[in-house]
Each structure stands twice: as structure tokens, then as C-alpha cells.
2 protein chains.
Amino acid sequence: MKHKEDYYKLRSEIIKAMSHPSRLFIIEEISKGEKCVCELTDMIGADISTISKHLSVLKKAGIVTDRKEGTTVFYRLRVECIMDFMNCIDNVMKSNAKTSSNAARCCK
Amino acid sequence: MKHKEDYYKLRSEIIKAMSHPSRLFIIEEISKGEKCVCELTDMIGADISTISKHLSVLKKAGIVTDRKEGTTVFYRLRVECIMDFMNCIDNVMKSNAKTSSNAARCCK
DNA sequence: TTCATATTTGGCAAAATAGCCAAATAGCAC
DNA sequence: GTGCTATTTGGCTATTTTGCCAAATATGAA
């Protein structure tokens with residue numbers, strides 16, 4: 001590691017921001033078009049403060065950005081490649097499904 | 001969410017497995033060619049049990065797979081697209097660097 | 001100004017994660 | 001069998017993350 005330590009730290013912070021079911025849902029939803037906090041809250045069904053905090057995690061990581069219209073805040077993706085990213089994750093999942101041993105261990 | 005809940009949970013488990021600096025380092029290293037636990041341990045400089053646990057997290061998620069040769073265990077990537085994935089993360093980082101406000105908030 | 005709505009922030013308790021040490025396991029040589 | 005090396009597992013504490021509630025903030029309408 002050594003000199004590259006910070007680099008891996010930064011990378012991992014961005015990835016960590018995506019590693020939550022609700023935040024993945026948010027990423028997928030806003031990839032289709034910007035959504036406000038209340039819309040996402042309705043869809044996910046958690047407390048609005050929880051959703052707001054998830055959004056701030058994504059924003060801090062640079063994954064989403066926001067836009068205010070009156071009292072409503074709309075969020076949208078900031079970097080497009082994020083969705084290709086998800087295709088790769090799905091490849092891992094498909095691969096896990098094929099390998100029953102991994103599927104059993106990982107996808108319980 | 002509702003019916004797709006499990007899907008996001010599975011995805012997030014795979015992504016979470018990658019969201020650690022040492023595990024990212026491991027992924028990058030073994031993408032160049034398989035490495036044994038002891039080699040990775042030397043490179044990272046943590047306890048060998050810590051590295052072993054990181055590897056088991058990656059294995060459980062289906063990101064890496066292993067091969068035993070005598071007492072030595074070699075790990076390698078299981079799905080190739082993982083490295084393209086990292087290019088996207090780097091795009092987010094570049095984007096963060098450009099936007100000073102985000103850079104300040106995210107990359108302290 | 002007050003009121004109402006949308007969102008964020010602070011604080012807390014519960015749950016999950018990380019990393020170390022020690023002990024267990026596996027494989028090979030003798 | 002014993003001894004040696006490589007790796008994994010168990011257990012423990014410290015740290016981080018999560019999600020709720022309550023309070024604060026922001027904006028617009030009356």
C-alpha cells in the first residue's frame with residue numbers, strides 16, 4: 001500500500017456510499033430522471049430524515065447532485081457511468097447464481 | 001421498493017464487499033494475476049488473519065475465487081468487469097476534484 | 001407576521017464492521 | 001507420529017453505520 005493508501009481510501013468511500021439497498025434504489029430511480037426527496041421517500045417507505053441522510057451520503061461522495069425549486073429539492077446522477085457499473089454487479093450475481101456453492105453462501 | 005427489495009439487498013452486499021481500502025487493493029493486485037494470502041499480507045501490512053477475513057468477504061460475495069497449492073491458497077478475480085467498474089469510480093473522483101465544493105466536502 | 005410544507009440536522013440506541021490475538025486446521029517433510 | 005508453514009476461525013473490543021424521533025431550517029402563501 002503505502003503511497004497509494006489515500007487513493008484506495010477515496011475509492012472505497014465512493015463505493016461505500018453505494019453499498020446500501022436504499023441508496024442503490026435511489027441511484028437506479030434517479031438514473032431515469034430527477035426525483036425529489038418526498039417522491040423517493042414514498043417509494044422506499046422509510047422516514048424522510050433517513051432518506052435525506054442517504055441522499056447526503058450520495059452527494060458527499062459526488063455520485064448525485066441536487067437542484068432546489070421552491071421548497072422541493074430534486075436529486076439527479078452526477079456521473080453517467082454509474083449505471084454500467086450496476087451491470088457488472090449483476091454479472092457477479094448471475095455468476096453467483098450459476099455456482100451453487102457461492103450462491104448458497106452469498107445469497108442466503 | 002417492495003418486490004425488488006431482495007434484488008437491491010443482493011446488489012448492495014456485493015458492492016459492500018468492495019467498499020474497503022484493503023479489499024480494493026486486493027482486487028487491483030489480483031487483477032494483475034493471482035496472489036497468495038501471504039503475498040497480499042506483506043503488501044498490505046496488516047495481520048494475516050485480517051487479510052484472510054477480507055479475502056473471505058470477497059469470496060462470499062463472488063468477486064474472487066481461490067485455488068489451493070499445498071498449504072498455499074491463491075486468489076484471483078472471478079468476474080472480469082470489476083476493473084472497468086473501478087474506472088467509473090475514478091471518473092467520480094475526477095469529477096469531485098474538478099468541483100471544489102464537492103472535493104472539499106468529500107475528500108477531506 | 002403566522003402558517004404550512006419540504007427538507008435537513010442533532011442525538012440516541014441498535015446493529016454491523018474492523019482488526020488484533022490466540023487457537024484451530026490443513027498440508028507437507030521427516 | 002512430530003514439527004513447520006500457510007491459512008482460517010473464534011472471540012473480543014473499538015469504531016462505524018443505520019434509522020428513528022424531535023428540533024431546526026428554508027421557502028412560499030396568506
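All values below were derived from every heavy atom in this structure, side-chain atoms included, with hydrogens, water molecules and symmetry-related copies excluded. Lettering of chains follows the sequences in order, A, B, ..., and the numbering in each one begins at 1.
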Test side chain to side chain contact (heavy atoms under 4.5 Å, CB included), reference A/Leu77, set A/Thr65, A/Ile30, A/Ile26, output is A/Ile30
Nucleotides 14-23 of chain D: protein proximity per nucleotide (B base, S sugar-phosphate only, - neither; heavy atom, under 4.0 Å): ---SSSBBB-
Identify each atom pair where a protein N or O and an N or O of nucleotides 25-30 of chain D are less than 3.5 Å apart, giving names and distance.
{"unit_1": "D/dA26", "atom_1": "O3'", "unit_2": "A/Lys68", "atom_2": "NZ", "d": "3.4"}

Protein-nucleotide distance ([X], atom [atom1]; [N], atom [atom2]), rounded to Å:
X: B/Phe25; N: C/dG19; atom1: CZ; atom2: P; answer: 14 Å
X: A/Asp66; N: C/dT7; atom1: CG; atom2: C1'; answer: 11 Å
X: B/Glu13; N: C/dA16; atom1: CD; atom2: P; answer: 11 Å
X: A/Leu58; N: C/dT7; atom1: CG; atom2: C1'; answer: 16 Å
X: B/Phe74; N: D/dT8; atom1: CZ; atom2: P; answer: 12 Å
X: B/Ile48; N: C/dA18; atom1: CD1; atom2: C1'; answer: 17 Å
X: A/Leu55; N: C/dT7; atom1: CG; atom2: C1'; answer: 10 Å
X: B/Ile51; N: D/dT9; atom1: CD1; atom2: P; answer: 15 Å

Set of side chain to side chain contact (heavy atoms under 4.5 Å, CB included) partners for A/Glu80, sequence neighbours left out: none
Using a strict cut-off of less than 4.0 Å between a Lys/Arg side-chain nitrogen and an Asp/Glu carboxylate oxygen, indicate whether B/Arg11 and A/Glu28 qualify as a salt bridge. yes
Does a side-chain N-to-carboxylate-O contact under 4.0 Å join B/Arg76 and B/Glu29? no
Less than 4.0 angstrom between a side-chain N/O of A/Tyr75 and OP1 or OP2 of C/dT8, yes or no? yes
For A/Thr72, report the nucleic acid contact type (base, sugar-phosphate, nothing); a contact means any heavy atom under 4.0 Å. sugar-phosphate
Among pairs that include at least one residue of residues 74-93 of chain A, which meet ring pair (Phe, Tyr, Trp, His ring centres under 6.0 Å), considering only residues two or more places apart or in two chains? A/Phe85-B/Phe85
A/Asp47: salt bridge (charged side-chain N to carboxylate O under 4.0 Å, His left out) partners, not counting sequence neighbours: none
Salt bridge (charged side-chain N to carboxylate O under 4.0 Å, His left out) filter on A/Asp84, not counting sequence neighbours, yields none
A/Tyr8 and B/Phe25 aromatic ring geometry - parallel, tilted or perpendicular at 30°/60° bounds: perpendicular
Between A/Ser95 and B/Arg78, do the side chains contain an N or O donor and an N or O acceptor separated by less than 3.5 Å? yes
